[in-house]
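First up is the structure itself, then whatever we jot down about it.
Order of the sequence lines fixes the chain letters, A, B, ..., with proteins taken first and strands second; residue numbering starts at 1 for each chain. All values reported here derive from a predicted model rather than from experimental measurement.
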2 protein chains.
Amino acid sequence: MSTSTDTLNIPGLRMTKQRKEVYRVLTETRDHPTAADVYDRVKLSTPGISLATVYNCLETLVEHKAVKQVNFERESSRYCPNLNEHGHFHDEITGTIHDIKFKDGIKLSDFLDIPEDTHITNLDITLRGILPKN
Amino acid sequence: MSTSTDTLNIPGLRMTKQRKEVYRVLTETRDHPTAADVYDRVKLSTPGISLATVYNCLETLVEHKAVKQVNFERESSRYCPNLNEHGHFHDEITGTIHDIKFKDGIKLSDFLDIPEDTHITNLDITLRGILPKN
DNA sequence: AGCCTTATTTAGAATAATTCTAAGTCTTAA
DNA sequence: TTAAGACTTAGAATTATTCTAAATAAGGCT
């Protein structure tokens, strides 16, 4: 899990302590927190931070593709530092959210009925369910 | 496209004129309208209807699986009378939303890295992109 | 180091979609 | 035909998020 000392550097962006802390919190516990969750966690190290700043930082990180924004139905957005293309599984027993890897070598057009050379700019796959033998 | 005279009958539910109209509007133009869109359309035939009722009717139809609720990021929910399992493609050029069929005979575990016998209760696949030669 | 320009942060107000509330109306079954 | 419950309604309330305007902080330049 915790390997690289995730120090973020985005060219052209000031890496303020707020941005660093928001990003650190996201990489520290990869449980897909909401903005409010991030706010609570960042306040521990940066008590003066405001919720608006957390929203701003998250938005900036998402825009610069340092973080992914994940939506489940109409719930609050959640944030995820896993930049690999992946889906999400919401475990209905534990309430936890897991990243799901795509099987190697599959293309969307292998399982979806779309023209072969459609240019996909965004893909969301989210499942909800119950794991076996739970 | 328009084959069956989609008259809805859900056992145990009163098919009020509001519910009928909301459902009719959804089947009439399958363009994934929002609740506000549905409201505007239903008002033409049922001027006295309230937005709250449209929300109530949509919720009831979704609960009884007569209609699917579709979410794109944090936009307003959209509604879809196609009950087959399918995904959605948001065409960035035209702004339209198309249903996407899954290829025959594929299982989720063919392309997603999940335990074979996971019980999936809900699946959302939404893509955004640009169709070829557009 | 000190200054300038601009980016960023902040608190609080504003917004937008949706849900809730409480009262009124309609249905249905007896 | 009437009581009970289901449904609808208008408007208030809620909630997540965005906006606003003022204050602060960062970097670059001298």
ask   = Quick one: on DNA chain C, does Leu51(B) or Arg19(A) contact a more 5' nucleotide (nearest heavy atom)?
value = Arg19(A)
ask   = Within a radius of less than 6.0 Å around NE2 of His64(A), do more than 12 heavy atoms belonging to other residues, nucleotides or ligands occur?
value = yes
ask   = Do the ring centers of Phe102(A) and His86(A) come within less than 6.0 Å of each other?
value = no
inquiry  = Students often mix this up, so state it plainly: with edges at 30° and 60°, are the rings of Phe89(A) and His98(A) parallel, tilted or perpendicular?
reply    = parallel
message = For Phe111(A) and Phe111(B), take the angle between the two ring planes, folded into 0 to 90°, and tell me which bin it lands in: parallel under 30, tilted 30 to 60, perpendicular over 60.
response = parallel
inquiry  = Report for the helix from dA1(C)-dT30(D) to dA30(C)-dT1(D): angle between first-end and last-end helix axes, five pairs each, rounded to 10 degrees.
reply    = 30°
task = Look at Thr16(A) and dT9(C) and indicate whether a side-chain polar atom (N or O) is within less than 4.0 Å of OP1 or OP2.
result = yes
request  = Report yes or no: do His32(A) and Asp37(A) form a side-chain donor-acceptor pair below 3.5 Å?
outcome  = no
Backbone N/O of Thr96(A) and side chain of Thr94(A): donor-acceptor pair under 3.5 Å = yes
request  = Figure out the CG/P separation between Asn56(A) and dT10(C), and round it to whole Å.
outcome  = 9 Å
remark   = note: Lys17(A), atom NZ; dA7(C), atom C1'; distance rounded to Å ~ 14 Å
inquiry  = Regarding Ser77(A), tell me which of base, sugar-phosphate or nothing describes its non-hydrogen contacts under 4.0 Å with the strands shown.
reply    = sugar-phosphate
ask   = In whole angstroms, how far is the C1' atom of dT17(D) from the CZ atom of Arg78(A)?
value = 16 Å
ask   = What nucleotide among dT9(C), dA10(D), dT18(C) has an atom nearest to a side-chain atom of Ala35(B)?
value = dT18(C)
inquiry  = Just to be sure I understand the rule, does Thr53(B) reach a base, reach only the sugar-phosphate, or reach nothing, if contact means heavy atoms closer than 4.0 Å?
reply    = base
message = Quick check on dT19(C): is either OP1 or OP2 less than 4.0 Å from any side-chain nitrogen or oxygen of Tyr55(B)?
response = no
message = Distance check needed: dT17(D) P versus Glu75(B) CD, whole Å only.
response = 14 Å
request  = Answer yes or no: are there more than 12 heavy-atom neighbours, outside Asp104(A) itself, under 6.0 Å from its atom CG?
outcome  = no
message = Which nucleotide wins on minimum distance to the side chain of Arg14(B), given the candidates dA25(D), dC26(C), dC20(C)?
response = dC26(C)
task = Using the closest heavy atom to pick a nucleotide of DNA chain D for each, name whichever of Arg74(B) or Ile49(B) lands nearer the 5' end.
result = Ile49(B)
request  = Nearest whole angstrom, please: distance from the P of dA6(D) to the CE of Met15(B).
outcome  = 17 Å
request  = Find the distance Asp37(A):CG to dT17(D):P and express it as a whole number of Å.
outcome  = 11 Å
message = Rounding to an integer number of Å, can you tell me how far Glu73(B) CD sits from dA17(C) P?
response = 15 Å
ask   = Does OP1 or OP2 of dT10(C) have a side-chain N or O of Gln18(A) closer than 4.0 Å?
value = yes
ask   = What integer distance in Å separates Leu58(B):CG from dA17(C):P?
value = 15 Å
